[in-house]
Enquirer: 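Have a look at this one.
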Amino acid sequence: AEFLLRLRARGLRDLNVLRAIETVPREMFVPHLYADLANRDLALPIPCGQTMPDPFVAARIAEAAELADHHRVLEIGTGSGYTTAILARLCATIISIERFQTLAIAARERLQRLGFANASVVWGDGLAVNAESGLFDRIIIHARLDDVPPALLGALSVDGVMLVAQRSSA
């Protein structure tokens, strides 16, 4: 409860997102070494040189996506699967693509263990989405890109929204 109050104090207002954050056990996604930091608003290192976002960033992504329960979501960059789980609470279906096989396998197992039947994790190149994947209402890209590949633009539905990580200004 205190954790959620801190997120609200930082400007989070979407009650559905707050509920999703509350119901996703972050400790399941945090490497064992950092288990004592699971309920802190900190980004944490995960294997393969990647970073798990702090809960505020994960919540802001979910809030910015303005997800509806009928949306089909494509996420590029699964990482630990924490943000995937939050998004899965807010949409109909989420397909998350991770380029590191070890991260993809671990995230898939976590999501299955937590009962996320609407979330699937695929190991592969998220920037090379094939046409058979269909169209998505939301595409969320955790990587910083200079140009969005045409394949991703082609996978976005007519009224779809794409969120791309932004470069931090120097």
Side-chain angles (χ1 to χ4, degrees), residues 11-14 16-17 20-21 24 26 29-31 43-112 114-170:
L12 269 176
R13 295 287 174 252
D14 188 318
N16 291 329
V17 171
I21 293 270
V24 172
R26 190 169 189 243
F29 298 88
V30 171
L44 296 171
I46 58 173
C48 304
Q50 301 301 298
T51 303
M52 177 180 174
D54 59 74
F56 182 74
V57 167
R60 291 292 292 162
I61 290 167
E63 204 173 55
E66 297 181 341
L67 294 171
D69 57 9
H70 65 276
H71 281 154
R72 187 164 185 262
V73 176
L74 175 64
E75 178 187 37
I76 310 297
T78 313
S80 69
Y82 177 65
T83 304
T84 312
I86 292 167
L87 298 171
R89 290 267 191 245
L90 301 165
C91 68
T93 308
I94 181 165
I95 297 171
S96 188
I97 303 175
E98 174 53 55
R99 67 183 172 137
F100 293 106
Q101 187 177 22
T102 53
L103 291 179
I105 291 168
R108 184 182 308 123
E109 288 171 356
R110 279 185 205 102
L111 292 165
Q112 286 173 349
L114 291 169
F116 285 96
N118 66 330
S120 57
V121 177
V122 178
W123 170 51
D125 180 358
L127 302 181
V129 174
N130 60 36
E132 294 95 58
S133 297
L135 297 178
F136 295 90
D137 301 296
R138 300 290 184 269
I139 298 178
I140 298 167
I141 306 170
H142 295 292
R144 291 178 181 91
L145 300 175
D146 291 326
D147 296 303
V148 176
L152 281 179
L153 289 173
L156 196 59
S157 68
V158 175
D159 295 328
V161 173
M162 184 180 294
L163 300 173
V164 181
Q166 113 185 54
R167 290 200 182 276
S168 44
S169 52

Enquirer: Please report the shortest heavy-atom distance between I94 and A88, naming the atom on each side.
Expert: CG2-CB, 3.9 Å
Enquirer: Rounded to the nearest 0.5 Å, what separation is found between the CD atom of E66 and the NE2 atom of H71?
Expert: 9.0 Å
Enquirer: Quick one: does Q101's side chain have a donor or acceptor within less than 3.5 Å of a partner on W123's backbone?
Expert: no
Enquirer: Main chain of A104, side chain of E98: is a donor-acceptor contact present, judged purely on distance under 3.5 Å?
Expert: no
Enquirer: With side chains defined as the heavy atoms from C-beta onward, is the minimum distance between R26 and P55 less than 4.5 Å?
Expert: yes
Enquirer: Examine distances only and state if a side-chain atom of D137 and a backbone atom of S157 form a donor-acceptor pair shorter than 3.5 Å.
Expert: no
Enquirer: Taking atom CD1 of I76 and atom CG of D125, what is their separation to the nearest 0.5 Å?
Expert: 8.5 Å
Enquirer: Ignoring hydrogens, what is the shortest heavy-atom contact between V122 and R108? Give both atom names and the distance.
Expert: CA-NH2, 4.3 Å
Enquirer: Can you see which heavy atom on P31 is nearest to which on P45, and at what distance?
Expert: CG-O, 3.3 Å
Enquirer: Provide the closest heavy-atom pair for C48 versus T102 in the form atom of the first, atom of the second, distance.
Expert: SG-OG1, 3.2 Å
Enquirer: Take L12 and R60 through the side-chain contact (heavy atoms from CB on, under 4.5 Å) test and state the conclusion after the steps.
Expert: CA-CA 7 Å; L12 269 176; R60 291 292 292 162; 4.1 Å; yes
Enquirer: What distance separates L152 CG from I139 CD1, expressed to the nearest 0.5 Å?
Expert: 5.5 Å
Enquirer: Taking all non-hydrogen atoms of both residues, which atom of L67 and which atom of L90 are closest, and how far apart?
Expert: CB-O, 3.7 Å
Enquirer: How many angstroms lie between atom OG1 of T84 and atom CG of N118, to the nearest 0.5 angstrom?
Expert: 11.0 Å
Enquirer: M162 and V148: side-chain contact (heavy atoms from CB on, under 4.5 Å), yes or no, with the steps?
Expert: CA-CA 10 Å; M162 184 180 294; V148 176; 3.5 Å; yes
Enquirer: Do S80 and V30 have side chains that approach each other closer than 4.5 Å (heavy atoms only, starting at C-beta)?
Expert: no
Enquirer: Quick one: pull up CE in M52 and CG in L103 and give me the separation to the nearest 0.5 Å.
Expert: 12.0 Å
Enquirer: Minimum heavy-atom separation for A58 and I86, please, with both atom names.
Expert: CB-CD1, 3.9 Å
Enquirer: Could you state the interatomic distance from CZ (R138) to CG (D159), rounded to the nearest 0.5 Å?
Expert: 9.0 Å
Enquirer: What I'd like to find out is whether the side chain of T83 reaches to under 4.5 Å of the side chain of I140, using heavy atoms alone.
Expert: no
Enquirer: I'd like to check the ring-ring contact (aromatic ring centres under 6.0 Å, His included) partners of Y82; sequence neighbours left out, ordered by chain and number.
Expert: F29
Enquirer: Got a sec, which pairs hit salt bridge (charged side-chain N to carboxylate O under 4.0 Å, His left out) with one end in residues 69-91, sequence neighbours left out?
Expert: none
Enquirer: Between E63 (side chain) and D14 (backbone), is there a donor-acceptor pair under 3.5 Å?
Expert: yes
